[in-house]
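Below you'll find the structure, written out as structure tokens, and then a few comments.
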There are 2 protein chains.
Amino acid sequence: MEYDSIWDNLDSLEEFADAVSEFLHCPVTIEDRNHRLLAYSTHDERTDPARISTIIGRRVPEKVINSLWKEGIIPSLLNSRDPVRVKKMEDIGLGDRVAVSIWHKNEVLGFIWALEIDRVLGEEEFAFLKRAAQAIKNKLLPMQARRDKKEERSQEFFWKLLTSHFQTEEAIIENFHRLQINPSSSYALAVFQFREDISSSEEKKILYLLKTIQQLKIMLYTIDHQKLILLIALDHIDQPLTTLSEFVQTFVEKTEERFGVGEITPAFSSLHTDYLDVERAYKEALSVIAIKEKFPHEVKEIFGYQNLGIYRFIDVLLEKRTKDGFKNHALEKLREYDEKHQTNLTETIETFLDKDNNVHEAAKALNVHVNTLAYRLKRIAEIGEINLKDPNQKITFIY
Amino acid sequence: MEYDSIWDNLDSLEEFADAVSEFLHCPVTIEDRNHRLLAYSTHDERTDPARISTIIGRRVPEKVINSLWKEGIIPSLLNSRDPVRVKKMEDIGLGDRVAVSIWHKNEVLGFIWALEIDRVLGEEEFAFLKRAAQAIKNKLLPMQARRDKKEERSQEFFWKLLTSHFQTEEAIIENFHRLQINPSSSYALAVFQFREDISSSEEKKILYLLKTIQQLKIMLYTIDHQKLILLIALDHIDQPLTTLSEFVQTFVEKTEERFGVGEITPAFSSLHTDYLDVERAYKEALSVIAIKEKFPHEVKEIFGYQNLGIYRFIDVLLEKRTKDGFKNHALEKLREYDEKHQTNLTETIETFLDKDNNVHEAAKALNVHVNTLAYRLKRIAEIGEINLKDPNQKITFIY
DNA sequence: TAACTTTTTGTGGAAATCCACAAAAGACGA
DNA sequence: TCGTCTTTTGTGGATTTCCACAAAAAGTTA
């Protein structure tokens, strides 16, 4: 192992990248386990679009990560300590390259990438890369430790926010700055409800995903048994609610797709600007989850508190209804009629409301002619003595 | 006054009617002040359709009463002690006739009608009729007294119902029977809110109206300061809520039209079958009135508790909203945008919802092109990040 | 069984809605 | 001031909704 002494006098990761690049005659990039750029070689000027965007953005672009997952590259890097060859993918501007993962015990700390611009790397270079990954491990470890420490402090701070521990917003802002986080002027709180307690191996995967999705900036995160909780920055986002909705769905999708962890219920609070309201935001997100569990079908496509509509009030509505001992005369009449005449008026009105008053779709779902549906609706209005043109009255049909 | 001794040996009202009929050579009918049939002559077989229906139904048909009001006949009977001539009205099957009111002190107790089938009554007969009305007064007075007594007892009973005084339904049914009222198997409670305390002269007019509208059977009634409260029988009524709605509106209309008493807010409870629930029904009707006073425009055409729709829950909704300190992000955004760009998005969405999502009407109300409205709605959905296809979300726009 | 009502399905036409596209006017910023 | 973006209004066409009417099927009642 004589020529491996080249590692000995390299101080920084940059020098390390350059040394590897020089040996392989290839541009080299070093990333952490979340595909954040750690260092890149500069002696060799040849490169490809994917590498350029990575360097400019200080991280691998989301769509590149996506493709690498889809092609199975990242899974094999996470499974094996051997270098992996990546064939050119023109649609994302990625040239031929070789990658190897950097391991410490049973954990991946990062990756080394070597671009095969003019030459193809052989067995010897593969072995060299593997040794390089071994050697760099010690440089990455302390960084990891620092990050862990910071994460610990940030988690503690987050829980203080979630439990309304602070009295003034100034104190909160100060804490943000101490953690080198720039608090955004508006934020939301997202909660993901898992089916089981989140294991530490799942936690790593989740963090990996959160850091690679890149759609939104996550200021703070924490995990509490079956819940993943995020504090999300929303500055300069044009349609924050829409973006959030897409984000949480992407996250759930990818977690399922990449790690096989399914049945996650996502939710997020309304927008807030005052950091003293974090607990309130948390409760909003929790109530969305509670409602989604009670009415999975009705609010299937709603994730934000703001968009719950009438369901935001569902608990007080139900409470008042039971307190008043109110009987739904309209529904009762329909059921009576159904019973007596063997008709389907109850089912009809339910389907119709379900399909958002769309005669066409409702008729299709019921397997009847559109006019039959129209006729039935006329009868329902008569028998139940309800004005189906009044959205207010339709609403009460649900309860 | 010698020939007036003919009254002396007449025992019943029927004999009286026959005696008058014989003198005038006309069919004669006697009604109480609420146009209920008291007696009719039988010696003379000639008659007209209006009289036939009156005799069969034991009261003057509603549409006849209506016409008599419109033509000013009844008002003049109520104003003067002199006979009034009524010209033929073919549309309601009424032939020529003469009427006179029966007075006691300053009150009208009833009416005598004489049909001019073949002959026209002259001055002499008019004078005779007036004396007949004088003479019959004494026969009507004791009936009046009995009725007053009964009314007193029934009012007391009604208040017991309204205040949940009874423990069992049997006790209630027994009380009904004691008052010779047949309690219907389903009932509703109607309340009319007046602007001022109801005077006893107004009370008489109201009772008159209630007894002549004939649309629905009123089992019990009472008056409490500015409120008229009715217990309404709903047996064998096909569409009870619709009928009730028509009834209360008719009542308000006629009170205004005939007696000039306006600004009455009508309301009625949902349907009930258990007479232990009368107080609950009363509260339902009261809450409809309260809501109508708070949201006069929104529930303008709703009178029944059942049809309040979402407004049934308006108090708990508002309460929850203030408790949560929730800000309407969507509306806020719109207002912000309006302010900054001098646009009318807020007004637009309000009008649109007001017009029940009817693009056409809303565009007309806003004085803009339909496409302009469509464009604005698209922008509203974008800026407010709300799904306008979801009725649930639209609802929350109101608050 | 015959007469009647209720329910389903169909046809056809008027009105409304939705959507894409375009022209014009106005607002706004570099 | 020019170019760009937003807003308004318009046209045209595909689709949907609404309604009236009718015929057939099924169920109910005398």
Side-chain angles (χ1 to χ4, degrees), chain A residues 236-239 242 330-391 393-394 397, chain B residues 236-239 242 330-391 393-394 397:
Chain A
H236 316 299
I237 305 268
D238 198 36
Q239 300 199 318
T242 316
L331 211 51
E332 236 172 60
K333 279 264 200 149
L334 287 192
R335 271 201 262 271
E336 228 170 75
Y337 194 90
D338 276 353
E339 181 106 352
K340 197 168 162 194
H341 298 87
Q342 302 297 327
T343 47
N344 305 312
L345 299 186
T346 320
E347 190 198 351
T348 303
I349 186 67
E350 273 166 11
T351 314
F352 178 66
L353 294 179
D354 236 38
K355 298 289 176 188
D356 196 22
N357 312 338
N358 187 318
V359 235
H360 238 64
E361 281 189 41
K364 215 191 299 164
L366 287 163
N367 277 319
V368 296
H369 193 270
V370 193
N371 284 3
T372 306
L373 180 61
Y375 171 75
R376 287 191 188 167
L377 290 176
K378 209 187 87 201
R379 294 288 286 139
I380 287 166
E382 282 170 14
I383 295 169
E385 294 190 85
I386 190 173
N387 178 7
L388 285 175
K389 308 250 161 169
D390 183 347
Q393 292 189 40
K394 274 186 297 198
F397 234 118
Chain B
H236 317 298
I237 306 270
D238 198 36
Q239 301 199 320
T242 315
L331 212 51
E332 237 172 57
K333 279 263 199 148
L334 287 191
R335 271 202 262 268
E336 229 171 72
Y337 193 91
D338 276 353
E339 181 107 351
K340 197 169 162 195
H341 298 88
Q342 302 297 327
T343 47
N344 304 313
L345 299 186
T346 319
E347 190 198 351
T348 303
I349 186 67
E350 272 166 11
T351 313
F352 179 66
L353 294 179
D354 236 37
K355 297 289 175 188
D356 196 21
N357 311 337
N358 187 318
V359 235
H360 242 59
E361 281 189 40
K364 213 191 300 166
L366 288 164
N367 277 320
V368 295
H369 194 270
V370 191
N371 283 2
T372 306
L373 179 61
Y375 170 77
R376 286 191 189 166
L377 290 176
K378 209 187 87 199
R379 295 287 289 139
I380 287 167
E382 281 171 15
I383 294 169
E385 294 189 85
I386 191 174
N387 178 7
L388 286 176
K389 307 250 161 169
D390 182 349
Q393 293 189 41
K394 272 185 298 197
F397 234 118

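Source: prediction; values computed, not measured. We name chains A, B, ... by the order of the sequence lines, and we start the count at 1 in each one.
Remark: B:H360 NE2 is loosely packed, at most 12 non-hydrogen atoms of other residues, nucleotides or ligands lying under 6.0 Å away.
In this structure, A:N344 places its CG atom 13 Å from P of D:dG27, rounding to the nearest Å. We find that CG of A:D238 is positioned 14 Å from P of D:dC5, with the value rounded to whole Å. Taking atom NZ on B:K378 and atom P on C:dC21, their separation rounds to 12 Å, with Å as the unit. Rounded to whole Å, atom P of D:dT8 lies 11 Å from atom CG of B:L366. Residue A:H341 contributes atom NE2, which lies 14 Å from atom P of C:dT5 at whole-angstrom precision. Rounded to an integer number of Å, the gap from NZ of A:K340 to P of D:dT28 is 10 Å. Per the geometry, CD1 belonging to A:I383 stands 13 Å off C1' belonging to C:dT5, to the nearest Å. Atom CD in B:E382 sits about 13 Å away from atom C1' in D:dT7, given to the nearest Å.
Between B:E347 and B:L366, some side-chain heavy-atom pair lies under the 4.5 Å cut-off.
In this structure, A:Q342 and A:E339 approach most closely via the heavy-atom pair NE2-O, 3.4 Å.
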Contacts under 3.5 angstrom, residues 367-386 of chain A side chains, donor-acceptor by atom type, not counting sequence neighbours:
residue, atom, partner, partner atom, Å
A:H369, ND1, A:N371, N, 2.9
A:R376, NH1, A:T348, OG1, 2.9
A:R379, NH1, A:E382, OE1, 2.9
A:R379, NH2, A:Y337, OH, 2.8
A:E385, OE1, B:L241, N, 2.8
A:E385, OE1, B:T242, N, 2.5
A:E385, OE1, B:T242, OG1, 2.7
A:E385, OE2, B:L241, N, 3.0

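Of the side-chain N and O atoms in A:R379, one or more sit less than 4.0 angstrom from OP1 or OP2 of C:dT7.
For B:Q393 (side chain) and B:N387 (main-chain N/O), a donor-acceptor pair under 3.5 Å exists by modelled atom type.
How far CG of A:N358 is from NZ of A:K364: 8.5 Å, rounded to the nearest 0.5 Å.
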Which protein N or O atoms sit under 3.5 Å from an N or O of nucleotides 9-17 of chain D?
residue, atom, partner, partner atom, Å
D:dT9, OP2, B:H369, N, 3.3
D:dT9, OP2, B:T372, OG1, 2.8
D:dG10, N7, B:N371, ND2, 3.0
D:dG10, O6, B:N371, ND2, 3.0
D:dT11, O4, B:N371, ND2, 2.9
D:dT17, OP2, A:H360, ND1, 3.3

